[in-house]
Amino acid sequence: MIHGIDTGFLVAAEVLEHPNHLSARQCFFELRAAGDSFALVPQVLAEFIHVVTDPKRFRSPLPMDEALERAEAWWRSPEIIGLFEGGASVATFFQWMHRHRLGRKRILDTKLAAVFREAGIASVLTTNPSDFRNLGGFSVITPS
């Protein structure tokens, strides 16, 4: 199975002080050991870098160079499938935004969900399951 990774899950897996750090890593490694693959989009990597370098979010934010190295390591990892937006995902994004009357705080997650849907991905690793409810019938896996 292929699981899409959202920003919150990636941050949890990488930041030691994140409350879900150990459970996110365990979840990832268990799925990988089962032979599963993972999908990332550049948007998630950019959001990841933005979040992990923010001193307002973490006592010990990552320096930019380290954040970039970690993001690149995920992107280059053999179990990662890199995805990009296509025309169908943009159309789906607009449909979902209108249909569900979503506001500005749901834009990026809805866009991400549309890219995953276009790629046929039915499972998302996330720390915010409500971001993916009502969008595309995803199975949502959260670290606990």
Side-chain angles (χ1 to χ4, degrees), residues 1-32 36-77 79-144:
M1 174 176 273
I2 301 172
H3 307 277
I5 299 176
D6 91 333
T7 305
F9 186 91
L10 191 59
V11 170
E14 285 293 321
V15 175
L16 291 172
E17 68 183 85
H18 192 285
N20 297 113
H21 175 70
L22 293 176
S23 56
R25 291 189 72 78
Q26 180 180 352
C27 177
F28 175 80
F29 289 124
E30 286 176 1
L31 292 169
R32 188 176 72 174
D36 291 357
S37 298
F38 307 89
L40 276 172
V41 300
Q43 163 192 319
V44 166
L45 297 173
E47 287 181 273
F48 167 80
I49 293 164
H50 175 81
V51 170
V52 300
T53 58
D54 186 352
K56 292 179 182 175
R57 295 179 197 238
F58 299 107
R59 282 175 302 170
S60 300
L62 295 178
M64 182 59 74
D65 287 345
E66 188 174 343
L68 289 166
E69 286 174 16
R70 290 187 188 193
E72 286 181 275
W74 277 92
W75 186 250
R76 292 185 181 139
S77 183
E79 61 269 352
I80 296 294
I81 299 163
L83 300 177
F84 299 94
E85 280 185 45
S89 69
V90 174
T92 299
F93 162 74
F94 284 122
Q95 288 171 354
W96 286 345
M97 290 295 293
H98 287 295
R99 180 183 311 144
H100 300 292
R101 299 181 170 276
L102 301 174
R104 59 183 285 287
K105 292 190 178 213
R106 295 291 307 279
I107 292 170
L108 295 178
D109 290 317
T110 304
K111 186 174 153 199
L112 175 63
V115 173
F116 288 158
R117 175 55 51 224
E118 181 180 7
I121 292 170
S123 174
V124 178
L125 301 177
T126 183
T127 55
N128 299 304
S130 62
D131 290 344
F132 297 92
R133 286 201 181 103
N134 302 322
L135 299 178
F138 293 101
S139 167
V140 177
I141 299 172
T142 59
S144 52

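No experiment lies behind these values; they were computed from the predicted model shown.
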Engineer: I need the minimum non-hydrogen distance between S123 and H3, along with the two atoms involved.
Structural biologist: OG-ND1, 2.7 Å

Engineer: For R104, what residues pass the salt bridge (charged side-chain N to carboxylate O under 4.0 Å, His left out) criterion, not counting sequence neighbours?
Structural biologist: none

Engineer: With rounding to the nearest 0.5 Å, note down the distance linking CG in L40 to CD1 in I80.
Structural biologist: 4.5 Å

Engineer: Got a sec, which residues hit ring pair (Phe, Tyr, Trp, His ring centres under 6.0 Å) with F94, two or more places apart in sequence or on another chain?
Structural biologist: none

Engineer: What residues form a ring pair (Phe, Tyr, Trp, His ring centres under 6.0 Å) with F93, not counting sequence neighbours?
Structural biologist: none

Engineer: What is the ring orientation for F28 with W74, classed by angle as parallel under 30°, tilted 30 to 60°, or perpendicular over 60°?
Structural biologist: perpendicular

Engineer: Distance from L68 atom CG to W75 atom CH2, nearest 0.5 Å?
Structural biologist: 14.5 Å

Engineer: Do any side-chain atoms of residues 129-144 form donor-acceptor pairs under 3.5 angstrom with protein atoms, and if so which ones, sequence neighbours left out?
Structural biologist:
none

Engineer: Excluding sequence neighbours, so at least two apart, what forms side chain to side chain donor-acceptor pair (under 3.5 Å) with T92?
Structural biologist: none

Engineer: Look up atom CG in L10 and atom CG in L125, then write down how far apart they are to the nearest 0.5 Å.
Structural biologist: 10.0 Å

Engineer: Any side-chain heavy-atom pair from H21 and V15 closer than 4.5 angstrom?
Structural biologist: no

Engineer: Looking at residues at least two apart in the chain, or sitting in another chain, which of them share a salt bridge (charged side-chain N to carboxylate O under 4.0 Å, His left out) with E69?
Structural biologist: none

Engineer: Could you go through residues 41-56 and list every donor-acceptor pair under 3.5 Å that involves a side-chain atom there, pairing it with any protein atom two or more places apart or in another chain?
Structural biologist:
unit_1: Q43; atom_1: NE2; unit_2: E47; atom_2: OE1; d: 3.4
unit_1: Q43; atom_1: NE2; unit_2: L108; atom_2: O; d: 2.9
unit_1: E47; atom_1: OE1; unit_2: T7; atom_2: OG1; d: 3.2
unit_1: T53; atom_1: OG1; unit_2: I49; atom_2: O; d: 2.8
unit_1: T53; atom_1: OG1; unit_2: H50; atom_2: O; d: 3.4
unit_1: D54; atom_1: OD1; unit_2: K56; atom_2: N; d: 2.8
unit_1: D54; atom_1: OD2; unit_2: R57; atom_2: NE; d: 3.1

Engineer: Main chain of L102, side chain of H100: is a donor-acceptor contact present, judged purely on distance under 3.5 Å?
Structural biologist: no

Engineer: Which pairs, with at least one residue in residues 79-102 and sequence neighbours excluded, count as a salt bridge (charged side-chain N to carboxylate O under 4.0 Å, His left out)?
Structural biologist: R32-E79, E85-K111

Engineer: Among I2, I121, L31, which one satisfies side-chain contact (heavy atoms from CB on, under 4.5 Å) with F38?
Structural biologist: L31

Engineer: What I'd like to find out is whether the side chain of C27 reaches to under 4.5 Å of the side chain of F9, using heavy atoms alone.
Structural biologist: yes

Engineer: Can you run down the salt bridge (charged side-chain N to carboxylate O under 4.0 Å, His left out) pairs that involve residues 8-20, sequence neighbours left out, and say none if there aren't any?
Structural biologist: E14-R25, E14-R70, E17-R59

